[in-house]
Asks: 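Have a look at the structure that comes next, please.
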2 protein chains.
Amino acid sequence: MADSISAVSHWLERLSALHRNLMRRFAAEEGLQLVHVEILQYLTVCNRYSDTTQTISEYLGQTKGSISQSLGHLEENGFIKRSQDKVDKRVFHLALTAKGNSVALRMLNSINLEGADKLEPALKTMLASIQKKNGLKGFGTCQSCKFNQSPGKNSFVCGLTNEKLSVDDVKKVCKEHEPLVSGE
Amino acid sequence: MADSISAVSHWLERLSALHRNLMRRFAAEEGLQLVHVEILQYLTVCNRYSDTTQTISEYLGQTKGSISQSLGHLEENGFIKRSQDKVDKRVFHLALTAKGNSVALRMLNSINLEGADKLEPALKTMLASIQKKNGLKGFGTCQSCKFNQSPGKNSFVCGLTNEKLSVDDVKKVCKEHEPLVSGE
DNA sequence: TCAAATCAGTTTCGATTCGATACTATTAAT
DNA sequence: ATTAATAGTATCGAATCGAAACTGATTTGA
């Protein structure tokens, strides 16, 4: 009997709904849509390989056309700014403005998840398992990525791009992330 | 430093997004919208006090007008059926048809959350805490509800409605749920 | 070399949802 | 009996969503 699986799925569903309700409520107070604050939050955690329209659409699971519209709205209202990639001129990098950053931070603080710290390791494991099973991109940080190399203390290099990464860089979320160890 | 809080919120956000993506993908395969399968899933777990338009709108955090529309669509296409309450004629109870139930079950199985069982207690605690902190309804099961009374083995009574509850009843989710012990 | 294929991103379109408001019908309160 | 509250529906405008067509830049490969 898949009773325990059903139960977990139900709790997860409930947690999802709850979390989204809180986000939506916050968004409404700011005159924004849910998807807008989801984008702002994502931009606070993603690295420079993952701050594009395409990547956001993969992360949030919506079409890039739809995301493109939302990004247009966010830029018009001064929450984000775009900058064209120096090398590949098709690519535009997205970044939070001071205004956008402030909204994202306030949201993080308003959605208080007291006592949830203990959940973090289990959540990460669970995420990795779900992503793997469904053939979805990783979106993890360099610390747990097999491409990350550390030739010295506080010195990092991405084995995929061969670029040097700062201490802050390796804390961010990357679309190319692949887990170090294959977790069962 | 709210570093750990931010991290958990981020993982939760990611888990939310992922879970919704899987649900949306499944919904699309069935020719349904995300909200439709969310409703179907909810109807598999809610009890007879919680199977109404109003309650679903509270659970999913959307207006009852919007939910009413979606319910209309689901009924037209034979996924659910309505029945008027015998006592209060304003109320209509919702139930899954065989077709609707089959869809909900297939979704549960398709969204495989292997290894997640260990998360369940922590998830429940976390949910209760979030709900309490934000003044939201509980949506828990009778087992953890302060209204639930058990005069004998496998015999249950709801102290709120004074109705007898079956063994199956007390496993379901209720909008009137209030936790037994005040967590934290 | 240069045409074809691919890719990032935008635009446009129709369908659908969403929230707000007004509305009907039933029940509860005074 | 009148009034207020509640469950649910209907309607409307705004916004999202996915699909598809469309730029412009990059890569492929013959």
Side-chain angles (χ1 to χ4, degrees), chain A residues 17 20-21 23-39 46 48-77 80-95 137 175-176, chain B residues 17 20-21 23-39 46 48-77 80-95 137 175-176:
Chain A
R20 289 182 57 234
N21 292 354
M23 300 254 294
R24 187 181 313 211
R25 188 187 289 186
F26 176 86
E29 286 168 8
E30 301 285 332
L32 293 170
Q33 298 289 328
L34 175 59
V35 66
H36 296 152
V37 295
E38 287 180 326
I39 291 172
C46 71
R48 63 174 177 270
Y49 308 131
S50 315
D51 57 355
T52 64
T53 304
Q54 175 73 36
T55 312
I56 293 177
S57 97
E58 286 168 14
Y59 186 84
L60 296 179
Q62 291 168 6
T63 58
K64 58 181 182 172
S66 176
I67 295 296
S68 177
Q69 282 181 306
S70 299
L71 288 174
H73 182 265
L74 284 172
E75 190 180 25
E76 271 172 35
N77 293 91
I80 62 171
K81 54 182 187 296
R82 301 167 135 91
S83 57
Q84 195 169 32
D85 190 280
K86 298 281 189 291
V87 178
D88 187 338
K89 284 174 183 157
R90 292 172 303 180
V91 174
F92 288 82
H93 295 280
L94 302 160
K137 283 198 174 170
K175 65 168 178 172
E176 307 292 356
Chain B
R20 290 182 58 232
N21 291 354
M23 300 253 294
R24 185 181 313 209
R25 187 187 290 187
F26 177 87
E29 285 168 10
E30 300 286 331
L32 293 170
Q33 298 289 330
L34 174 60
V35 66
H36 296 152
V37 294
E38 286 179 326
I39 291 172
C46 69
R48 62 175 177 271
Y49 308 131
S50 315
D51 57 356
T52 64
T53 305
Q54 176 72 37
T55 311
I56 293 177
S57 96
E58 286 167 13
Y59 186 84
L60 295 179
Q62 291 168 6
T63 59
K64 59 181 180 173
S66 176
I67 295 296
S68 177
Q69 280 181 307
S70 298
L71 289 172
H73 182 265
L74 284 172
E75 190 180 24
E76 272 174 34
N77 292 91
I80 61 172
K81 53 181 187 294
R82 301 167 135 90
S83 56
Q84 195 170 30
D85 190 280
K86 299 281 188 292
V87 177
D88 187 338
K89 283 174 184 156
R90 292 172 303 180
V91 174
F92 288 82
H93 294 279
L94 302 160
K137 283 197 173 168
K175 65 168 177 170
E176 308 291 356

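A note on names: the letters A, B, ... follow the listed sequences, proteins ahead of strands, and every chain is numbered from 1.
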Asks: Does a donor on one side chain and an acceptor on the other come within less than 3.5 Å for A:Thr63 and A:Ser66?
Replies: no

Asks: Do NZ/NE/NH1/NH2 and the carboxylate oxygens of B:Arg82 and B:Glu75 come within less than 4.0 Å?
Replies: yes

Asks: Give each protein N/O atom lying under 3.5 Å from an N/O atom of nucleotides 26-30 of chain C, with the pair distance.
Replies:
residue : atom : partner : partner atom : Å
C:dT26  : O2   : B:Arg90 : NH1          : 3.4
C:dT27  : OP1  : B:Val87 : O            : 3.2
C:dT27  : OP1  : B:Lys89 : N            : 3.0

Asks: It should be established whether B:Thr52 places a side-chain nitrogen or oxygen under 4.0 Å from OP1 or OP2 of nucleotide D:dG8.
Replies: yes

Asks: Heavy-atom nearest nucleotide on DNA chain D for A:Gly65 versus B:Val91: which residue maps closer to 5'?
Replies: B:Val91

Asks: Applying side-chain hydrogen bond (donor to acceptor under 3.5 Å, both in side chains), name anything that partners A:Gln84, two or more places apart in sequence or on another chain.
Replies: none

Asks: Taking all non-hydrogen atoms of both residues into account, name the closest pair between A:Leu94 and A:Leu71 and its distance.
Replies: CD1-CD1, 3.7 Å

Asks: Quick one: is C:dA8 close enough that its OP1 or OP2 comes under 4.0 Å of any side-chain N or O from A:Arg82?
Replies: no

Asks: What protein N or O atoms touch nucleotides 13-16 of chain D N or O atoms at under 3.5 angstrom, if any, and at what distances?
Replies:
residue : atom : partner : partner atom : Å
D:dT16  : OP1  : A:His36 : NE2          : 2.8

Asks: Please state how far atom CD in B:Glu38 lies from atom C1' in C:dT17, giving the value in whole angstrom units.
Replies: 12 Å

Asks: Using whole Å, report how far CD of A:Glu29 lies from P of C:dG19.
Replies: 14 Å

Asks: Quick one: is A:Ser68 getting a side-chain N or O under 4.0 Å of the C:dT11 phosphate, OP1 or OP2?
Replies: no

